S.K.: 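Structure provided below as structure tokens; questions to follow.
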Amino acid sequence: MNNCFLCGNQITSSNDSNEHIIPNAIGGRRTIKGFICNPCNNKTGKDWDVKLTNQLNPLNLLLVIRRDRGEVRPQAFKTISGKEYYLRANGSMIPFKPTFNKTPMDKGYNFSFVARDEREAQQFLKSIKRDFPNFDIDSYLGNMKVEEVYITDDPLHMELRFGGLNEGRSLIKSLLAFCFSRGIAPSMCNTALSFLREEGEACFGWYYQEDDIIIKRNFTKPMHCLAIQGNPSEGTLLGYLEFFGVLRIVACLSNEYKGDAFKSSYCLAPEDWEESEFDFEINVSIKELNDVYSYRKCDASIQRASMVEFLNYTQVKGEDRERNRVTESFSNELISKLSQLENEFTRQEFSQIYNEVLSNSQLLPYILSRIKKGGC
């Protein structure tokens with residue numbers, strides 16, 4: 001059996017863990033055993049992976065990633081005008097908090113409220129009944145309906161910040177796990193181990209350069225990419241990692257590498273778990289690593305371009321998803337209404353039912369929102 005790379009304890013059948021090479025919380029799929037013991041897996045997940053996931057959570061939500069279990073945690077964002085909404089795992093939004101207004105009138109009061117679900121609506125109605133015992137809750141509950149609106153002229157404002165030592169340890173752990181999956185023992189990765197065990201300095205830095213690590217980058221969707229490269233002539237084992245095509249680092253996993261020259265890569269689409277490999281070349285000499293560590297290999301224009309590419313993809317995907325949702329919902333409701341007719345329907349009956357379904361569906365608001373945005 002192997003020893004845990006972090007604490008050094010022997011891994012047994014009772015303490016072994018299924019470690020995701022890429023954290024499942026950001027869409028990782030592939031797992032390995034014999035790499036890290038269960039107590040250390042739990043600790044690094046809590047101390048490292050959760051912090052990284054929190055930084056990347058907006059990208060999880062925008063892309064609508066796939067996970068083994070559980071949905072991506074909703075997150076609050078403000079629009080440009082200052083309104084606040086929760087962005088949910090299915091790409092939809094709800095108000096950040098419910099609103100309740102009580103306005104005095106000549107005879108009594110006017111109540112209005114916005115609730116995020118039926119439970120909140122019922123709580124508001126019960127609070128009104130406490131003050132006004134004759135208030136008929138049932139009549140209002142029967143008339144309640146879910147209203148969906150499109151925010152077409154007040155976009156969300158997001159600030160993405162990457163960095164931090166523990167977040168960095170999560171990144172290096174992924175590269176180390178990938179090495180392990182390719183038959184390279186963690187003990188061969190001295191600089192990575194020193195950093196993860198909090199004995200040495202960080203062994204990575206951001207990398208955004210015209211000289212792209214990935215050769216002929218031709219991905220059609222945002223990808224998680226891992227690559228390792230052994231350079232025995234320089235005694236280095238280098239790693240490259242990018243998540244969502246946006247967060248990109250180069251790392252030196254070992255400066256005492258004595259194995260064979262090799263290259264290995266792995267990439268995964270976090271939205272649908274499509275896996276593949278890619279060609280790459282980590283053209284970073286041991287002398288240039290200091291430039292990487294001191295963030296002198298971080299071209300802001302390339303970093304910005306990677307984010308724009310991601311946002312353009314998720315915008316198109318979101319629009320396609322919403323168009324499919326409203327058209328499918330409209331079609332299903334129309335077919336259901338028509339199927340309830342006992343005889344073959346006339347053109348007039350079809351037109352009447354069609355207009356009725358259309359007036360109560362989200363298809364019309366969707367079409368109007370697309371017209372307002374300048375396209376369908």
Side-chain angles (χ1 to χ4, degrees), residues 22-30 52-80 85-94 148-160 162 214 217-226 241-248 266-276 278 302-332 361-376:
I22 298 169
N24 183 244
I26 61 169
R29 176 188 187 186
R30 191 175 296 185
L52 176 67
T53 300
N54 288 340
Q55 289 187 352
L56 296 176
N57 198 58
L59 307 185
N60 287 338
L61 291 166
L62 291 173
L63 187 60
V64 187
I65 65 165
R66 182 176 179 181
R67 292 169 51 160
D68 283 332
R69 57 186 180 278
E71 287 190 338
V72 178
R73 174 179 54 83
Q75 187 167 341
F77 295 99
K78 288 185 178 180
T79 64
I80 297 298
Y85 295 91
Y86 269 121
L87 179 61
R88 299 193 291 186
N90 62 1
S92 66
M93 293 185 292
I94 58 173
E148 297 182 7
V149 296
Y150 293 98
I151 304 173
T152 57
D153 54 1
D154 194 12
L156 292 181
H157 175 70
M158 293 185 178
E159 289 189 7
L160 295 174
F162 303 140
I214 298 177
R217 181 186 292 267
N218 58 359
F219 301 130
T220 59
K221 62 186 77 172
M223 304 292 284
H224 294 333
C225 300
L226 298 173
L241 176 150
E242 68 176 55
F243 285 158
F244 298 103
V246 175
L247 188 159
R248 304 177 184 182
Y266 166 67
C267 62
L268 168 79
E271 61 181 305
D272 58 16
W273 282 359
E274 178 185 346
E275 296 180 309
S276 59
F278 57 92
I302 296 175
Q303 186 179 37
R304 184 165 51 251
S306 70
M307 190 66 214
V308 169
E309 183 177 357
F310 174 86
L311 292 175
N312 287 341
Y313 179 88
T314 56
Q315 180 179 1
V316 171
K317 178 183 177 181
E319 290 173 352
D320 289 345
R321 181 177 61 246
E322 181 62 9
R323 181 176 62 251
N324 293 337
R325 184 186 74 86
V326 296
T327 54
E328 181 179 354
S329 175
F330 172 79
S331 298
N332 290 341
S361 76
Q362 274 298 300
L363 182 58
L364 188 57
Y366 170 77
I367 294 173
L368 294 175
S369 73
R370 296 300 298 147
I371 293 174
K372 188 174 184 181
K373 290 180 69 175
C376 291

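Since the structure is predicted, the reported quantities are computational estimates derived from the model, not experimental observations. Position 1 is the first residue of the sequence; numbering continues from there.
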S.K.: Can a salt bridge be assigned to the pair K317 and D320 using a cut-off of 4.0 Å between side-chain N and carboxylate O?
M.R.: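 Salt bridge between K317 and D320, a charged N being under 4.0 Å from a carboxylate O: no.
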S.K.: Decide, yes or no, whether a salt bridge links E309 with R217 under the criterion of side-chain N to carboxylate O below 4.0 Å.
M.R.: no
S.K.: May I ask you to decide if V72's main-chain N or O and N60's side chain share a donor-acceptor pair within less than 3.5 Å?
M.R.: no
S.K.: Determine yes or no for a side-chain-to-main-chain donor-acceptor pair under 3.5 angstrom, with W273 supplying the side chain and R30 the backbone.
M.R.: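 No, the answer is negative, given that no donor and acceptor are paired below the 3.5 Å cut-off.
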S.K.: To the nearest 0.5 Å, how far apart are CZ in F244 and CE in M307?
M.R.: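 Rounded to the nearest 0.5 Å, the CZ-CE separation comes out at 10.0 Å.
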S.K.: Going by salt bridge (Lys or Arg N to Asp or Glu O under 4.0 Å), name the residues that satisfy it together with R88, two or more places apart in sequence or in a different chain.
M.R.: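 Scan of R88 (salt bridge (Lys or Arg N to Asp or Glu O under 4.0 Å), adjacent residues dropped) gives none.
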S.K.: Are I65 and E271 close enough that some pair of their side-chain heavy atoms sits under 4.5 Å apart?
M.R.: no
S.K.: How many angstroms lie between atom OH of Y266 and atom CG of L241, to the nearest 0.5 angstrom?
M.R.: 12.0 Å
S.K.: Return the set of residues passing side-chain hydrogen bond (donor to acceptor under 3.5 Å, both in side chains) with Q362 (not counting sequence neighbours), or none when no residue passes.
M.R.: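 So Q362 forms no side-chain hydrogen bond (donor to acceptor under 3.5 Å, both in side chains) with any residue.
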S.K.: Within the side chain of T314, is there an N or O that forms a donor-acceptor pair under 3.5 Å with the backbone of L311?
M.R.: yes
S.K.: Please enumerate all residues that pass side-chain contact (heavy atoms from CB on, under 4.5 Å) together with Q55, with sequence neighbours excluded.
M.R.: F162, E167
S.K.: T327: what forms a side-chain hydrogen bond (donor to acceptor under 3.5 Å, both in side chains) with it, not counting sequence neighbours?
M.R.: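 If we apply the side-chain hydrogen bond (donor to acceptor under 3.5 Å, both in side chains) test to T327, skipping adjacent residues, there are no hits.
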S.K.: Return the minimal non-hydrogen interatomic distance between A89 and V64, and the atom names on each side.
M.R.: O-CG1, 3.3 Å
S.K.: So, using salt bridge (Lys or Arg N to Asp or Glu O under 4.0 Å) as the criterion, who are the partners of K221 when residues are at least two apart?
M.R.: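 K221 satisfies salt bridge (Lys or Arg N to Asp or Glu O under 4.0 Å) with D272, E274 once adjacent residues are dropped.
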S.K.: Would you give the length of the straight line joining atom CG of L56 to atom CZ of F243, rounded to the nearest 0.5 angstrom?
M.R.: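 Interatomic distance, L56 CG to F243 CZ, rounded to 0.5 Å: 7.5 Å.
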S.K.: Less than 4.5 Å apart, any side-chain heavy atom of L160 and any of P58?
M.R.: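 In contact.
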S.K.: Just verifying a value: how many Å separate L268 CG and R29 CZ, rounded to the nearest 0.5 Å?
M.R.: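 Here the rounded value is 8.0 Å.
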S.K.: Nearest 0.5 angstrom please: T79 OG1 to H157 NE2, how far?
M.R.: 10.5 Å
S.K.: Would Y313 and T220 satisfy side chain to side chain contact (heavy atoms under 4.5 Å, CB included), going step by step from the backbone distance to the final call?
M.R.: CA-CA 9 Å; Y313 179 88; T220 59; over 6 Å; no
S.K.: What is the distance from atom CD1 of I214 to atom CE of M223, rounded to the nearest 0.5 Å?
M.R.: 9.0 Å
S.K.: R321: what forms a side-chain hydrogen bond (donor to acceptor under 3.5 Å, both in side chains) with it, not counting sequence neighbours?
M.R.: none
S.K.: Passes side chain to side chain contact (heavy atoms under 4.5 Å, CB included), N54 versus Q75? Steps please.
M.R.: CA-CA 10 Å; N54 288 340; Q75 187 167 341; over 6 Å; no
S.K.: Determine, step by step, whether I367 and V326 satisfy the side chain to side chain contact (heavy atoms under 4.5 Å, CB included) criterion, reporting the C-alpha distance in whole Å, the side-chain angles of both residues, the deciding distance to 0.1 Å, and the verdict.
M.R.: CA-CA 10 Å; I367 294 173; V326 296; over 6 Å; no
S.K.: Minimum heavy-atom separation for R325 to E322, with atom names?
M.R.: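 Closest approach of R325 to E322, heavy atoms only: NH2-OE2, 2.8 Å.
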